[in-house]
Amino acid sequence: MGMIIQEALFLLSCIYILLRSYSAVEAAVGVCYGRVGTNLPPPSEAINLIKSIGVSRIRLFNPDPEALQPFAGTGIELLVGVPNEILPTLANSPVTISMEWLQTNIFAHVSPNQVKYLAVGNEIFLKDPFYSPYIVPAISNLYQAIQTLGLATSIKLSSSHASTILSNSYPPSSGVFNSTIRPFLLPFLQFLRDTSSPLMVNVYPFFAYINNPQYVSLDHALFRSSYVEYDQNLAYDNMFDASIDAFVYAMEKEGFEGIPVMVTETGWPTAGIDGASIDNALSYNGNVVRRALNNVGTPKRPGVGLDVFLFDLFDENGKSGEEFERHFGIFGDNGIKAYDIRFN
């Protein structure tokens, strides 16, 4: 009996080590490289700035050749967006068209081994619903194309979604998807499960704070609250964890357990509204980076590495909306660093 127990303990320890190893390999921190500005440094200079802060992953929202090509041979890994507008064409055409599109728009400019993710559409459900019927057909055709190219094990496909696809997110265990998107969401989640791909979400505790300051304290949004809330016997002391776990619970309610969550946007502005400051941006983004690099995970998935992309590399003076929308950059639009944050 003692030998059996020892063997069981040894097996459990091996599984734990493997899980920790997998988490450590998978977790990574990147930065979104938005380019909606009139005074931005050229991409070649941007790459030097990216390297100066130790960033090894970048999200590009569009496969713009001017932005893509300078990354070739740099070793910087990429998440490349497939624009919403192209999805109907990819969805309604043979797989050969998807292959041609990938070759012409992405792989002609950077090596496939630098591309780690394709985000097929951005914030379509509810925000840009015209394209909702095209997500799964387009992503399926693109997946068949990368299979044909022998890249299905190195490039993961998904689609980025706003937190608003949850009709309820608090407490986390009450997380549930908006019922109106279920006809398109469920086949999408099935694709993610079938291909071992992550659910990509854009999560902003900053917006939760400014829109509901009576319910969300600044400290709770910035990872510095001493107050702990309990849900299903899990302890939550920050808004970020609660937001991620709400998606996990929502997927479980639809019968999809185990799909990883990946944060394709999160950040905090340095100016433009009460609560936006350099100190708060450094506090929030610094905590996100630290937790990711240490594989902190969330209360529901402790120790499971969570890939995260901070928004944004530069302030973007061409962004529409409120003034703070133009102040999310780690660097100003002139290339001057706004605050000192490192990624290694």
Side-chain angles (χ1 to χ4, degrees), residues 19-34 46-61 67 71 74-81 110 113-119 122 154-156 158 160-161 163 197-206 221-224 238-245 247-248 260-270 278 280-298 301-315 328-331 337-344:
L19 288 173
R20 292 292 293 175
S21 174
Y22 173 81
S23 177
V25 170
E26 288 300 307
V29 182
V31 176
C32 299
Y33 179 12
I47 289 172
N48 292 331
L49 295 175
I50 289 165
K51 290 181 175 179
S52 74
I53 55 176
V55 172
S56 59
R57 280 192 178 184
I58 286 291
R59 177 185 181 187
L60 292 169
F61 291 94
F71 282 97
T74 62
I76 295 171
E77 298 176 341
L78 300 173
L79 185 162
V80 182
V110 293
N113 63 16
Q114 278 186 254
V115 180
K116 296 302 174 183
Y117 296 98
L118 294 177
N122 184 50
S154 61
I155 300 176
K156 293 295 184 182
S158 187
S160 296
H161 301 289
S163 295
S197 301
L199 175 68
M200 294 177 170
V201 296
N202 299 335
V203 173
Y204 286 92
F206 166 75
L222 290 174
F223 298 94
R224 63 189 189 195
N238 67 83
M239 190 72 191
F240 182 85
D241 283 352
S243 300
I244 300 302
D245 280 354
F247 280 104
V248 177
V261 177
M262 174 181 178
V263 179
T264 41
E265 281 184 43
T266 192
W268 200 280
T270 56
I278 290 174
N280 287 348
L282 177 58
S283 177
Y284 178 80
N285 288 335
N287 274 303
V288 168
V289 170
R290 176 185 58 79
R291 289 162 56 85
L293 294 179
N294 290 323
N295 291 326
V296 172
T298 66
R301 291 179 172 176
V304 177
L306 186 70
D307 282 9
V308 175
F309 284 81
L310 296 184
F311 185 86
D312 197 5
L313 184 61
F314 296 111
D315 284 348
F328 274 88
I330 295 170
F331 294 91
K337 185 186 275 189
Y339 50 89
D340 190 25
I341 183 171
R342 296 196 174 271
F343 295 81
N344 47 29

Stepwise side chain to side chain contact (heavy atoms under 4.5 Å, CB included) test for V55 and Y33: CA-CA 11 Å; V55 172; Y33 179 12; over 6 Å; no
Reported CG-to-OG1 distance for the pair D312 and T266, which is rounded to 0.5 angstrom: 12.0 Å
Value rounded to 0.5 Å, distance of CG in L310 from CG in N285: 4.5 Å
Are [X] and [Y] packed together at the side-chain level, in the sense that at least one heavy-atom pair is separated by less than 4.5 angstrom?
X    : Y    : answer
T264 : Y117 : no
F71  : I50  : yes
I244 : R301 : no
N202 : V263 : no

Closest non-hydrogen atom pair, I341 against G286: CD1-N, 3.8 Å
Atom of A292, atom of L306 and distance for their closest heavy-atom approach: CB-O, 3.9 Å
With S163 via side-chain contact (heavy atoms from CB on, under 4.5 Å) - residues at least two apart: V203, F247
Can you list the residues that meet the ring pair (Phe, Tyr, Trp, His ring centres under 6.0 Å) rule with [X], with sequence neighbours excluded?
X    : answer
F240 : F223
F61  : none
F311 : F328

Partner of E77 by salt bridge (Lys or Arg N to Asp or Glu O under 4.0 Å), out of K156, R59, R57: R57
Worked check of side chain to side chain contact (heavy atoms under 4.5 Å, CB included) between S160 and F309: CA-CA 12 Å; S160 296; F309 284 81; over 6 Å; no
Derivation and outcome, side chain to side chain contact (heavy atoms under 4.5 Å, CB included), residues K51 and T74: CA-CA 9 Å; K51 290 181 175 179; T74 62; 4.3 Å; yes
With sequence neighbours excluded, residues passing side chain to side chain donor-acceptor pair (under 3.5 Å) with T298: D245
Contacts of type side chain to side chain donor-acceptor pair (under 3.5 Å), residue K337, not counting sequence neighbours: D340
